[in-house]
Q: 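I have a structure here, written as structure tokens, and I will follow up with some questions on it.
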Amino acid sequence: MASNSAKQSGDASIESSEAQIAVHWGEETKVAPPATFIAQANLADPTARDRFSLERFPECFKEYADLLSWDQYWHTTLDTSKAPFWKWFVGGRLNVSYNCVDRHLAKYRNKAALIWVPEPEDEPAQVITYQELYQRVNEMAALLRDFAHLKTGDRVTIHMPMVPELPVTMLACARLGVIHSVVFGGFSGEACGIRIADSGSRVLITMDGYYRNGKLIDHKKNADIAVATAEKEGQKVDTVLIWRRHPGRKVTDAALIPGRDHFVDEVLRPFRGQRVAPVSMPAEAPLFLMYTSGTTGRPKGCQHSTGGYLAYVTGTSKYYQDIHPEDVYWCFADIGWITGHSYIVYGPLALAATSVMYEGVPTFPDVGRPWRIAERLHVNIFHTSPTTIRMLRKAGPEEPLKYDLHFKHMTTVGEPIEPEVWRWYHQVVGRGKAVIVDTWWQTENGGFLCSTIPALDPMKPGSAGPPVLGIHPVIYDETGAQVPAGSGKAGNICIRNPWPGIFQTIWGDPDRFVSTYYRKYNRNPQSTDWRDWPYFAGDGAMQAADGYFRILGRIDDVINVAGHRLGTKELESACLTVPEVAEAAVVPVQDEVKGRLPEVYISLKPGVAASPEVAEHVARAIETQIGKIARPKSVRIVPDMPKTRSGKIMRRVLAAISNSMDVGDVTTLANPDVVEQIRTMVQGAKPAPAQPVPDDIRRFGQVE
Ligand code: PRX
């Protein structure tokens, strides 16, 4: 395969980076946005980039902040005095639920704010107008304040599926200045319990059950596990509020614990019709925590701000999602991830959008489901992940053509998208008439970092695009030298400047915040000049001569499964809870649909015989401690782990075996023979032919 880098620069000296960027696609032809889209776009003014140039930083972000209603305007746009703990819009006060709900009532009272589509197809969609949302948010806020005794600054953990009660609960928290921590509904009770304890929540809000793939899942039982786990970790939960999927009907077998557990529909009754004045919050007060995986074991609670975050997601929703109040916008993601917070709830509702939520899986009851939803609701903006797109394409490549679809705009987020998958999305789903934005960003970032401006920039399949307005990336090599801009050489992507959506800290662990994201390329730890603090994203990337960035994947030991980050250390500690297991190592393997899957290697304690049961226990331990999304592709029991002489497990070697790569020089290992034994076990007697592998797998286990 020809080297992209060589093709772009014509420079043979950069051949060495070819191995690094041996991704499975080449340079792609660009596609211009259609005139029909440009004619109606929120941002079609080519001077926008000048308005957000580095010279205009940080004042440029006033343009986003001015999309909000402030109780009190700020006096300082960016305060860097405690670098890198940036403060945006200092002196300003506002309330997020007011901005997402109340302020729209005058004009849009009777317009759909949320349209919720239940998974069972015979259950009708629920349309929640802004007026209805206002009522529900107020009643829930009253309950949280007067029944659950929550006050400004308290944390509350929410472990709920995709139902409208979830955004209602989040907005009710925001109304009071209570910091919510939403844990993805598919995470296990134990994973939820760890996050409850880390955030110090004494209240858990959950649901009795929900539909997934045609089955009514008992979710309440997870709450009991979560509370027990939190208690083991030293955090007592005194109140569990349980929304009911079918009020009055028995959905869960788990009993209610008297005094602790309450059905929300019952305890909400006395609060019917109540109003709660929105609490005017300082712009830099935390709005929510969102946990994500890192290199070391414990998940990180990313703390997002009130004013900066809301300004950033509102601005990017307007310019990059091109949301107008009259659009029907469907972000097919889960609110339990950052995408759902920013681009199902906060950004769209701040713009008075109609935001569609779907409860279930894409292929229930068949692969036509998403397209039937889009047709019936006349969705014109669609937003989802490459994994969902790959799944829908694989199972029903012609299916979208059977429906009357009218997308003007489509988004892809969370993982690199292969150009052939992109083209299917563009031609078959979008009928060649929709603009596509590929958006690169992370839980820590609040909103997009790289994307094309839909009406201004041509699309390039497989590339996230130029940096978004006000974001100024740079690529550094391991030594801290800048990789020349537009050289097509791979390196570590960083953002030079702070932006309003950036998280404020890791909850309870400011040192880890600084060391993970800033230490690597910091020029002076004492400096209060933002120029000395590039943000280290942890992704490999290259910038082509046209300025577009291609994201090559994680450079740390984080596995991106279906667009969701799983820490290898978290998975490994789950394996080690199985008593027979002595050592565990987790590596990523390529998967046609989900991008990457974890593959587990374990060695057993002396005297324990290998058996399929032990392997199954390990897979199950991962499911119960993390969640089904983390289920490994396989669990391989090996006689010993490949190790250095100092006893360090060589995950790089295992990743090479799992992905049919050359294992490289293993002669310096303490036990080189075991490598061939494991290779035979995985690939059979004859070595599998070497495959081209993406950058993140090639680099896996190499960064210490
Ligand atoms: O490796 C990048 C990948 O997903 C990681 C962030 O994951 P998470 O925090 O779960 O947030 C996902 C949704 C914002 C990044 O470090 N990633 C995200 N978007 C893209 C991507 N890789 C390639 N292209 C993208 N568009």
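Each ligand, and each atom within it, is numbered from 1 in the order the structure gives. Numbers for residues simply follow the sequence, beginning at 1.
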Q: For F503 and Y517, I'd like to know if the aromatic rings sit close, meaning centre-to-centre distance below 6.0 Å.
A: yes

Q: Could you tell me whether R195 sits above the aromatic face of F187, with NZ or CZ closer than 6.0 angstrom to the six-membered ring centre and within 45 degrees of the axis?
A: yes

Q: Starting from atom 25 (C) of ligand 1, locate the nearest protein heavy atom and write down its residue, its atom name and how far away it is, to 0.1 Å.
A: E415 O, 3.5 Å

Q: Between Q625 and S188, does the side chain to side chain donor-acceptor pair (under 3.5 Å) criterion hold? Intermediate values first, please.
A: CA-CA 6 Å; Q625 285 168 55; S188 66; over 6 Å; no

Q: With a 6.0 Å cut-off on the ring centroids, do H383 and F332 count as close?
A: no

Q: Going by distance only, is there an N or O of N560 that falls short of 3.5 Å from an N or O of ligand 1?
A: yes

Q: Got an N/O contact under 3.5 Å between R565 and ligand 1?
A: yes

Q: If I apply the N/O under 3.5 Å rule, does Q442 come out as touching ligand 1?
A: yes

Q: Would you find more than 12 non-hydrogen atoms of other residues, nucleotides or ligands less than 6.0 Å from K628 atom NZ?
A: no

Q: Identify the closest protein heavy atom to atom 13 (C) of ligand 1: which residue and atom is it, and at what distance?
A: T339 OG1, 3.5 Å

Q: Within less than 4.0 angstrom of ligand 1, does G538 place any heavy atom?
A: no

Q: Which heavy atom of the protein is the closest neighbour of atom 15 (C) of ligand 1, given with residue, atom name and distance?
A: D539 OD2, 3.1 Å

Q: With ring centroids as reference points, do H304 and H180 lie under 6.0 angstrom apart?
A: no

Q: How far is atom 9 (O) of ligand 1 from the closest protein heavy atom, and which atom is that?
A: T443 OG1, 2.5 Å

Q: Below 4.0 angstrom from a heavy atom of G563, which ligand 1 atoms are there? Numbered from 1 as shown, please.
A: 10 (O)

Q: Please confirm whether W440 and F549 have ring centers closer than 6.0 angstrom.
A: no

Q: Taking N or O atoms only and a 3.5 Å limit, does T439 qualify as a polar contact for ligand 1?
A: yes

Q: When you look for heavy atoms under 4.0 Å from ligand 1, do you find them on the side chain of A464, its backbone, both, or neither?
A: neither

Q: Would you mind running through ligand 1 and noting each atom that sits below 4.0 Å from a heavy atom of R554?
A: 1 (O), 16 (O)

Q: Report, in ascending order of atom number, the atoms of ligand 1 lying under 4.0 Å from any heavy atom of I551.
A: 22 (N), 23 (C)

Q: Side chain or backbone, does D438 bring an N or O within less than 3.5 Å of an N or O on ligand 1?
A: yes

Q: Ligand 1 and G414, any nitrogen or oxygen pair closer than 3.5 angstrom?
A: yes

Q: Relative to the ring of H409, is the ring of F37 parallel (under 30°), tilted (30 to 60°) or perpendicular (over 60°)?
A: tilted

Q: Heavy-atom count around K408 NZ within 6.0 Å, excluding the residue itself: above 12?
A: yes

Q: Check this for me, if you would: do E478 and K520 make a salt bridge, where the nitrogen-to-carboxylate-oxygen distance has to be below 4.0 angstrom?
A: yes

